[in-house]
Amino acid sequence: VSTAAAQGSNKITRDQIDAALAIIPKYAPDRLLVRFKPGTPAAEIARTHRAANATLFKVISDIDVQVLRVPSGQLVARLKSYRANPNVEFAHPDYNSLLYVPSEGIDASLGVTNLFEEQWGLNNTGQALVNPGTGAQTLTGTVDADIDASEAWDIHRGDASIKIAIIDSGVDCNAVDLVGKCIEQVNFVSDFTSTTADEVAHGTHVAGIAAANTDNDKGTAGVGWNSSIGNLKACFPYLIDLYPPYGVYIAVGVCPISASAEAITYAADNGYHVINMSYQSDAIDPVTNEPIGTAEPPDAETAAVAYAWSQGVVIVAAAGNAGNTDPVYPGAYSEVIAVAATDRDDNKPTTSSFGNTWISMMAPGDNIVSTEPDASCEFLITGYVAGVDDCVTWKSGTSMASPHVAGVVALMLEKNPTLTAAQVETILEGSAVPLPAGMRSVIGPNGVYVDYTWGTDATGAGLLDAAAALSATP
C-alpha cells in the first residue's frame with residue numbers, strides 16, 4: 001500500500017480566498033426559519049403562511065422550527081410580516097454558515113514513510129516534520145508540545161459503540177483510513193447536492209483526525225482510535241471562480257442554518273455521543289438583521305444546540321480563523337466546547353481566534369496531516385488507486401483543532417458512558433495544560449507588521465491533554 005499526498009491550494013493567496021468568500025450569499029433568497037409560540041392553533045399558523053404566500057418546506061420537529069419557502073425577491077417583506085405577528089416567537093432567513101477554509105500544503109509525500117511521525121499534535125518528540133509549503137522535512141517541533149495521545153492510548157482506546165457526529169461537508173467513507181468507520185451517511189443538503197461524498201475535501205480531513213483507523217499500517221492515526229463516526233452532511237459546495245472568466249475555481253463549503261440545525265437535532269435523537277462542528281455561523285445584528293460577528297446568533301441554531309445539550313450530547317466546535325477575540329458561533333454558545341489552535345511549539349498560530357470570555361481550550365491545528373478524499377489524489381496523482389492507496393494532506397486551522405478534542409471525548413465516554421456533557425467539559429478543562437501569554441508580529445493587509453498579544457487567560461483552560469483527561473475520568 002502506498003501513500004500519496006494531495007496537492008493543496010498553495011498557489012492561491014489568502015487574499016484571493018477572502019475576496020471570494022465575500023461574494024457568497026449571506027442567506028438563501030427564498031427561505032425563512034420560523035418558530036411559533038407554544039399553543040398557537042394550527043389553523044392560525046396555516047392562515048399566516050397563506051397571507052405570506054409561504055409554503056412549508058420541512059419541519060425540524062425537536063425545536064418546532066418550520067423551514068418555509070417564500071417567493072424570491074420577497075424575503076425581506078415576508079420576514080417583516082412574520083416578525084410583526086404576535087404568535088411568532090422568532091423568524092429569520094436561512095443563513096449560510098461557512099466551513100473554515102484551512103490553508104493547505106503541497107504534495108509532501110516524498111521521503112515520508114511513517115505518517116505518525118508527522119502527527120506532532122499526537123506525539124511531539126522534536127522530530128523532523130514536513131514543511132507543507134515546500135514538501136521537505138525542514139521543520140522541527142518542541143518536545144511534548146502535543147496532547148499526549150500515545151500515553152492516553154495506554155489507558156484507553158475507545159470502542160465502536162461511541163459515535164462521533166461529523167457535521168461537515170461530507171466524508172469519504174471509502175478512503176482506506178476510514179473504511180468501516182462510518183456507521184451511516186445522511187444528507188441534510190439534498191436540495192443542493194445529491195451525494196453524501198465530501199465535495200469540498202474538508203469533512204474527510206476532520207473525520208480522520210477524530211477517528212481514522214489506527215495501528216493498521218496505513219495512513220494516519222485517529223485520536224478516538226476505535227470510535228465510530230457518522231457522516232452527517234450539512235454543507236454543500238459553492239464554486240467560486242478566482243480568475244473570471246478563465247474558470248479557476250475553488251469549492252467552499254456553505255452550510256445553511258436549516259441543515260446544521262437539523263443535523264444537530266438528528267445526532268441528539270440517534271444516539272450520538274459527540275458532535276464536531278468545524279464551521280462558523282456569523283452572529284446576527286438584531287436591528288439590521290445582517291451578519292456582524294458579535295451580536296446574538298441565529299435562533300434556530302441556538303435552539304438546536306440547546307436541545308442536543310439537553311439530551312446529553314457533548315458538542316465541540318472550531319473557534320474560528322479570524323485571529324482576533326470576536327466570538328463566533330456555534331463555538332461561542334455556552335453549551336459548546338470552543339477549540340482554538342496551537343502549533344508545534346505550543347504557540348497560537350496567527351490565524352487562530354482567541355479570547356478570555358468564550359474560548360474553552362486549545363488543541364493542535366497547524367500543519368495537521370490527515371485523510372483526504374480519494375478523488376483528490378485520483379485527480380492529481382498518476383497511478384493512484386482508490387481503496388488501496390492512502391490519500392493525505394496537511395491543513396491548518398481551528399477546523400483541525402476541534403476534532404482532536406472530539407476524539408478525546410469519545411475515549412472518555414467509552415471509559416465512563418455515564419458522564420454528563422457538563423462533567424466531560426469540566427474534566428477536559430481541569431486537566432488541560434495552561435499556556436503562557438504570547439505575542440506574535442504578523443504582516444497586516446496594508447503590508448505593515450502588527451503585534452498581536454494574548455494573555456494567559458485568552459487561551460481558555462489551555463492545551464488539551466488526552467492522557468490527563470482519561471486519568472481524571474472516573
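Fair warning: this is a prediction, and the values are worked out from it, not measured in the lab. Counting begins at 1 with the first residue of the sequence.
- Side-chain contact of D62 with Y266: a donor-acceptor pair under 3.5 Å is absent, judged by distance alone.
- Annotation: side chain to side chain donor-acceptor pair (under 3.5 Å) contacts involving residues 465-474, sequence neighbours excluded, are absent.
- A distance of 6.0 Å separates OG1 of T265 from CD1 of I63, quoted to the nearest 0.5 Å.
- Ring geometry for F116 against W153 counts as tilted: the plane angle lies between 30° and 60°, on a 0 to 90° scale.
- Between V328 and W358, the closest side-chain pair of non-hydrogen atoms falls below 4.5 Å.
- Between the side chains of N321 and T398, at least one donor N or O sits under 3.5 Å from an acceptor N or O.
- Here the CE-CD distance, from M361 to E425, works out to 8.5 Å after rounding to the nearest 0.5 Å.
- Between the CD1 atom of I257 and the OH atom of Y329 there is a distance of 12.5 Å, given to the nearest 0.5 Å.
- Using a 4.0 Å cut-off between a side-chain N of Lys or Arg and a carboxylate O of Asp or Glu, E184 and K163 do not qualify as a salt bridge.
- Using a distance-only test at 3.5 Å, with no hydrogens or angles considered, a donor-acceptor pair links the side chain of D390 to the main chain of G219.
- A search for ring-ring contact (aromatic ring centres under 6.0 Å, His included) contacts involving W120 returns nothing, not counting sequence neighbours.
- Residues that satisfy the side chain to side chain donor-acceptor pair (under 3.5 Å) test with Q127, not counting sequence neighbours, are T125.
- Aromatic ring orientation, F236 versus F192: parallel (interplanar angle below 30°, classes split at 30° and 60°).
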